[in-house]
Q: 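First the structure, which I've put down as structure tokens, then a few questions once you've had a look.
Each ligand, and each atom within it, is numbered from 1 in the order the structure gives.
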Amino acid sequence: MKIAIYPGTFDPVTNGHLDILERALKLFDKVIIAVARNTSKNPFFTEDERIVLLKQATKHYKNVEVDSFEGLLVDYVKHTKATAVVRGLRAMTDFEYELQMALMNRKLYENMETVFLMPNEKYTYLSSNIVREIARLGGNVTKLVPPVVNKAFKQKKAVRDNFIL
Ligand code: ADP
């Protein structure tokens, strides 16, 4: 059974993430999406919210699990008996950081490969960051994220508007 870990912040999951997931599912028997808990980033959606959104957005896929991890990715990979980590590459700007991480992870645990997958071109400009920014400024993100995420943005906005009023 070939297991891959797809780690990230997923704040929130976008259609770009799902594109990479679908490609990974063609290569592996099971993909575990692993939300990183110890990130220095200050997330917009809480860890629990990100996990719930990921579970809802991926419920129609077979062989996908959603989990979270703390500490070193390589330790989590060993623990799950996975053989690979999947990362998405959008542009050259992703490359330098990803190469550094992949080579460092190999130094820490040589039995694991990092597999880079390229999304459909239409997702190369898409990031969780940009989606959050558009939503914050009142723009429409319907075509960029799964429907559950669109709904979650609307709920957050409603809570904030009520709070301000
Ligand atoms: P991280 O904080 O680890 O970068 P992200 O949630 O931003 O986490 O992304 C997780 C993974 O998904 C990364 O490998 C990232 O490059 C990839 N990814 C994010 N958005 C896209 C996209 N639109 N197309 C392809 N890969 C993507």
Q: Got the closest protein heavy atom to atom 14 (O) of ligand 1, with its distance?
A: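 I find the closest protein heavy atom is G88 N, 3.0 Å.
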Q: What is the nearest protein non-hydrogen atom to atom 20 (N) of ligand 1, stated with its residue, atom name and distance?
A: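 The closest heavy atom on the protein side is R90 NH1, 3.2 Å.
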Q: Is there any N or O on S127 that sits under 3.5 Å from an N or O of ligand 1?
A: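 Min N/O separation from ligand 1 is not below 3.5 Å for S127.
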Q: Between F45 and F153, does the ring centre distance come in under 6.0 Å?
A: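 Close enough - the centres of the two rings lie under 6.0 Å apart.
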Q: Between ligand 1 and P119, is the shortest N or O to N or O distance under 3.5 Å?
A: no
Q: Any idea which protein heavy atom is nearest atom 6 (O) of ligand 1, and the distance to it?
A: F10 N, 2.8 Å
Q: Counting from 1, what ligand 1 atoms have a heavy atom of L126 closer than 4.0 Å?
A: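 Listed by number with element, the hits are 20 (N), 21 (C), 22 (C), 23 (N).
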Q: Hey, does the side chain of E49 reach the backbone of T46 with a donor-acceptor pair shorter than 3.5 angstrom?
A: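 Judged by distance alone, yes, a pair lies under 3.5 Å.
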Q: Between I20 and ligand 1, find which residue part has any heavy-atom pair under 4.0 Å and reply side chain, backbone, both or neither.
A: side chain
Q: Can you confirm, on distance only, whether ligand 1 has an N/O atom lying under 3.5 Å from any N/O atom belonging to G8?
A: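 Among all N and O atoms of G8, none is under 3.5 Å from an N or O of ligand 1.
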Q: For D11 and ligand 1, does the shortest N/O to N/O distance drop below 3.5 Å?
A: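 No, since none of the N or O atoms of D11 sits under 3.5 Å from an N or O of ligand 1.
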Q: Please list the nearest protein heavy atom to atom 12 (O) of ligand 1 with its residue and the distance rounded to 0.1 Å.
A: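 For atom 12 (O) of ligand 1, the nearest protein heavy atom comes out as Y6 OH, 2.8 Å.
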Q: Tell me the protein heavy atom at minimum distance from atom 3 (O) of ligand 1, and give that distance in Å.
A: R87 NH1, 3.0 Å
Q: Could you establish whether Y125 and ligand 1 come within less than 4.0 Å of each other, counting only heavy atoms on the residue side?
A: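 Contact check Y125 vs ligand 1: negative.
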Q: Please say whether more than 12 non-hydrogen atoms of neighbouring residues, nucleotides or ligands are located less than 6.0 Å from NZ in K156.
A: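 Count over threshold, so yes.
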Q: Tell me yes or no: between the side chains of S68 and R37, is some donor less than 3.5 Å from an acceptor?
A: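 Result is yes, a qualifying pair exists.
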Q: Using atom types as modelled and distance alone, determine if a side-chain donor or acceptor of S128 lies under 3.5 Å from a backbone N or O of P12.
A: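 Yes, S128 side chain to P12 backbone: donor-acceptor pair under 3.5 Å.
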Q: Considering all heavy atoms of both residues, which atom of L117 and which atom of R23 are nearest to each other, and what is their separation?
A: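 For L117 and R23, the tightest heavy-atom pair comes out as CD1-CB, 4.0 Å.
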Q: D11 vs T9, test: side chain to side chain donor-acceptor pair (under 3.5 Å). Steps then yes/no.
A: CA-CA 6 Å; D11 186 30; T9 314; over 6 Å; no
Q: Where is the nearest protein heavy atom to atom 19 (C) of ligand 1: which residue, which atom, and how far?
A: H17 NE2, 3.3 Å
Q: Any Lys/Arg nitrogen of R50 or E47 sitting under 4.0 Å from an Asp/Glu carboxylate oxygen of the other?
A: no
Q: Is it the case that ligand 1 has an N or O less than 3.5 angstrom from some N or O of T9?
A: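 Min N/O separation from ligand 1 is below 3.5 Å for T9.
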Q: Measuring from the heavy atoms of P7, does anything fall under 4.0 Å of ligand 1?
A: yes
Q: Among side-chain atoms of E70 and Y76, is any donor-acceptor pair under 3.5 angstrom?
A: no
Q: Carefully, step by step, assess Y6 and F28 under the rule ring-ring contact (aromatic ring centres under 6.0 Å, His included).
A: CA-CA 11 Å; Y6 183 20; F28 297 96; over 10 Å; no
